[in-house]
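A quick write-up on the structure given underneath.
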Amino acid sequence: MTEASAEGYLPDDVERVREALVEWYENDHREYPWRKTTDPYAVLVSEVMSQQTQLDRVVDAWEAFLDRWPTVETLAEADRADVVGFWTDHSLGYNNRAKYLHEAARQVLEAYGGQFPRDPDGLQELMGVGPYTANAVASFAFDNGDAVVDTNVKRVLYRAFDVPDEDSEFERVAGALMPDGKSRVWNNAIMELGGVACEKTPACDGAACPWREWCLAYETGDFTAPDVPTQPEFEGSRRQFRGRVISILRDGGEVELDALGSRVRVDYVPEGQYGREWLRGLLDDLADDGLVHVADREGETFARLRE
DNA sequence: TTCCCGTTCC
DNA sequence: GGAACGGGAA
């Protein structure tokens with residue numbers, strides 16, 4: 001029994017499966033600027049940004065970010081308020097991640113002497129870097145990662161090889177499928193497949209999917225994909241108001257509580273349901289997240305972005 | 001309205 | 001194991 005068939009889900013000629021995908025990728029793929037660098041810092045920035053945003057919207061932000069903070073040293077020395085402000089200015093959302101990235105840069109300097117760890121386990125020690133990002137950076141910067149498992153990869157494996165919708169199974173099969181020592185091209189290729197061919201609505205023939213001869217979904221016509229949890233509505237959500245607070249403080253420097261409140265929501269009434277108490281709770285959460293600084297002075301409360 | 005989607009914290 | 005975390009675009 002071969003290693004591949006022992007996995008239970010992969011075709012016997014798994015080597016041909018591998019070659020077909022790599023050839024398909026190398027023949028034609030989207031040219032994103034971060035695919036041209038192996039600088040681990042630049043790669044990390046691109047991965048953190050693209051965790052949350054469609055790739056086409058990340059390009060400008062990534063270039064501007066590296067323009068402003070070209071190295072891990074420059075980012076580590078930056079004021080947090082400037083990094084969070086940049087995030088907001090570029091509509092990147094999830095301000096926490098600007099903080100994580102800044103914190104990770106400091107870690108690289110202070111705990112690793114300015115050199116990024118070169119393997120997934122080391123990279124995962126960095127703030128904001130989980131299993132996916134650790135493998136992505138190890139792969140794209142050092143060609144030294146394990147198989148990445150993101151929702152693209154899960155969808156592909158689920159459809160093509162009927163891998164059950166369980167994280168441990170996805171990880172096992174993804175690892176068995178990846179050719180040893182070729183994580184850079186492999187992880188790029190399999191995510192590209194999920195991104196342009198095996199999307200929610202698949203484009204098997206249009207994108208000339210290289211796996212059609214093996215793909216179970218292509219054979220049966222059942223393109224069901226693993227469930228993606230639906231999001232609570234954004235409009236009116238706490239997250240929306242957090243974003244507004246950050247955006248206002250980004251322009252306004254230090255702002256008094258009630259002044260802030262009236263700019264955050266039109267129905268702000270200091271003693272009302274969405275008044276001081278509500279706003280203070282929001283600010284305290286933002287302060288706990290290390291994004292905002294709240295100060296009480298002479299009976300008034302002021303908020304500003306944390307430096 | 002739905003899509004995008006990994007990490008942290010509890 | 002589940003909730004919280006953004007905001008633009010299709």
Side-chain angles (χ1 to χ4, degrees), chain A residues 30 32 43-62 83-104 107 120-121 123-140 145-156 158 165-168 170-171 174 187 190-192 194-196 198-203 223 225-250 264-265 281-292 305:
Chain A
R30 297 169 295 180
Y32 289 111
V43 172
L44 177 64
V45 173
S46 80
E47 286 303 329
V48 171
M49 286 183 175
S50 54
Q51 282 168 11
Q52 58 199 29
T53 306
Q54 281 90 346
L55 294 186
D56 289 332
R57 290 175 47 212
V58 169
V59 175
D60 288 346
W62 184 77
V83 183
V84 172
F86 177 99
W87 220 253
T88 293
D89 286 346
H90 291 78
S91 301
L92 289 167
Y94 295 108
N95 297 293
N96 269 329
R97 296 193 214 246
K99 182 192 72 170
Y100 294 155
L101 193 52
H102 185 227
E103 187 60 32
Q107 277 177 280
D121 284 347
L123 286 160
Q124 212 176 319
E125 296 297 313
L126 300 177
M127 184 64 77
V129 176
Y132 165 78
T133 307
N135 279 314
V137 175
S139 299
F140 304 145
D146 297 318
V148 296
V149 179
D150 69 352
T151 56
N152 282 310
V153 173
K154 290 181 186 178
R155 189 172 58 249
V156 168
Y158 182 90
D165 186 3
E166 296 192 27
D167 288 350
S168 58
F170 287 128
E171 200 164 321
N187 285 324
I190 196 165
M191 289 199 287
E192 183 79 354
V196 308
C198 201
E199 299 170 273
K200 180 104 186 166
T201 304
F223 289 95
D227 284 336
V228 192
T230 60
Q231 270 223 31
E233 187 168 1
F234 180 61
E235 191 61 34
S237 69
R238 188 174 183 81
R239 286 184 301 157
Q240 183 181 39
F241 291 115
R242 281 172 54 107
R244 255 181 223 174
V245 167
I246 297 291
S247 185
I248 291 164
L249 297 183
R250 197 267 175 289
V264 166
R265 55 190 309 160
L282 199 65
L283 288 173
D284 286 342
D285 279 357
L286 285 164
D288 286 344
D289 287 342
L291 297 168
V292 164
L305 286 192

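Below, chains carry the letters A, B, ... as their sequence lines are ordered, and counting in each starts from 1.
- Between A:Val149 and A:Asp167 the shortest side-chain heavy-atom distance does not fall below 4.5 Å.
- Between the CD atom of A:Gln231 and the P atom of C:dG2 there is a distance of 17 Å, rounded to whole Å.
- Side-chain atoms of A:Glu233 lie closest to B:dT1 of the nucleotides B:dC4, B:dT1, B:dG6.
- Regarding contacts with the backbone of C:dC5, every side-chain N or O of A:Arg97 stays at 4.0 angstrom or more from both OP1 and OP2.
- In this structure, A:Glu166 places its CD atom 10 Å from P of C:dG1, rounding to the nearest Å.
- As judged by a 4.0 angstrom heavy-atom cut-off over every strand, A:Phe234 is placed among the base-contacting residues.
- Spacing between C:dG7 and B:dC9 at atom C1', rounded to whole Å, works out to 23 Å.
- Within 4.0 Å (heavy atoms only), A:Pro232 reaches no atom of the nucleic acid at all.
- One can place CG of A:Leu291 at 12 Å from P of B:dC9, the figure rounded to the nearest angstrom.
- The minimum heavy-atom distance linking A:Asp165 with A:Tyr158 is given by the pair CB-CE1, 3.9 Å.
- The separation of C:dG6 from B:dC10, taken at their P atoms, amounts to 16 Å, rounded to a whole angstrom.
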Please step through side-chain contact (heavy atoms from CB on, under 4.5 Å) for the pair A:Val228 and A:Thr151, ending with a clear verdict.
-> CA-CA 9 Å; A:Val228 192; A:Thr151 56; 5.6 Å; no
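- For C:dC5, neither phosphate oxygen OP1 nor OP2 lies less than 4.0 angstrom from any side-chain nitrogen or oxygen of A:Asn95.
- Nearest heavy atoms, A:Trp87 versus A:Arg97: CZ2-CB, 4.2 Å.
- The side chain of A:Tyr100 approaches B:dT8 more closely than any other nucleotide in the set B:dC4, B:dT8, B:dG6.
- Toward the 5' end of DNA chain B, the nearer of the two residues A:Arg155 and A:Lys99, judged by each one's closest nucleotide, is A:Arg155.
- The side-chain contact (heavy atoms from CB on, under 4.5 Å) test applied to A:Val83 returns A:Phe65, A:Trp69, A:Leu75, A:Ala78, A:Ala98, A:His102, not counting sequence neighbours.
- Across the C1' atoms, B:dG6 and C:dA10 are found 22 Å apart, a figure rounded to whole Å.
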In sequence, state the C-alpha distance, the side-chain angles, and the governing distance for A:Leu291 and A:Lys99, and then conclude on side-chain contact (heavy atoms from CB on, under 4.5 Å).
-> CA-CA 7 Å; A:Leu291 297 168; A:Lys99 182 192 72 170; 4.1 Å; yes
Residues A:Asp56, A:Tyr32; criterion side-chain contact (heavy atoms from CB on, under 4.5 Å); working and verdict | CA-CA 9 Å; A:Asp56 289 332; A:Tyr32 289 111; 3.2 Å; yes
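- Atom CE of A:Met49 is separated from atom P of C:dG8 by 15 Å (rounded to the nearest Å).
- Between the CG atom of A:Asp60 and the P atom of C:dA9 there is a distance of 11 Å, rounded to whole Å.
- Of the residues in residues 51-59 of chain A, those placing a heavy atom less than 4.0 Å from an atom of DNA chain C are A:Gln52, A:Gln54, A:Arg57, in numerical order.
- The environment of CD in A:Glu171 is sparse: at most 12 heavy-atom neighbours from other residues, nucleotides or ligands sit within 6.0 Å.
- Here the closest non-hydrogen pair linking A:Pro226 and A:Arg155 is CD-CA, 4.0 Å.
- Comparing A:Val129 and A:Thr230 by the nucleotide of DNA chain B that holds the closest heavy atom to each, the one mapping nearer the 5' end is A:Thr230.
- A:Asp289 comes within 4.0 angstrom of nothing in the nucleic acid, heavy atoms only.
- When rounded to the nearest whole Å, the span between CG of A:Asp288 and P of C:dA4 equals 15 Å.
- Here the closest non-hydrogen pair linking A:Leu305 and A:Ile246 is CD2-CD1, 3.9 Å.
- Helical stems involving DNA chain B, defined as 3 or more consecutive Watson-Crick or G-U pairs under 3.5 Å, span B:1-4 with C:7-10, B:6-10 with C:1-5.
- In this structure, A:Ser237 reaches neither bases nor backbone, as no heavy-atom distance under 4.0 Å exists between it and the strands shown.
- Applying the 3.5 Å distance criterion, the base of C:dG6 shares a donor-acceptor pair with the side chain of A:Tyr94.
- One interatomic measurement links the two molecules: CD of A:Glu103 to C1' of B:dT7, which rounds to 15 Å at whole-angstrom precision.
- Put simply, CG on A:Asn152 and CG on A:Asn187 are 11.5 Å apart, with the number rounded to the nearest 0.5 Å.
- In this structure, A:Asp285 places its CG atom 16 Å from C1' of C:dG6, rounding to the nearest Å.
- For the OP1/OP2 pair of C:dG8 and a distance below 4.0 Å, the side-chain nitrogens and oxygens of A:Ser91 include at least one atom meeting the criterion.
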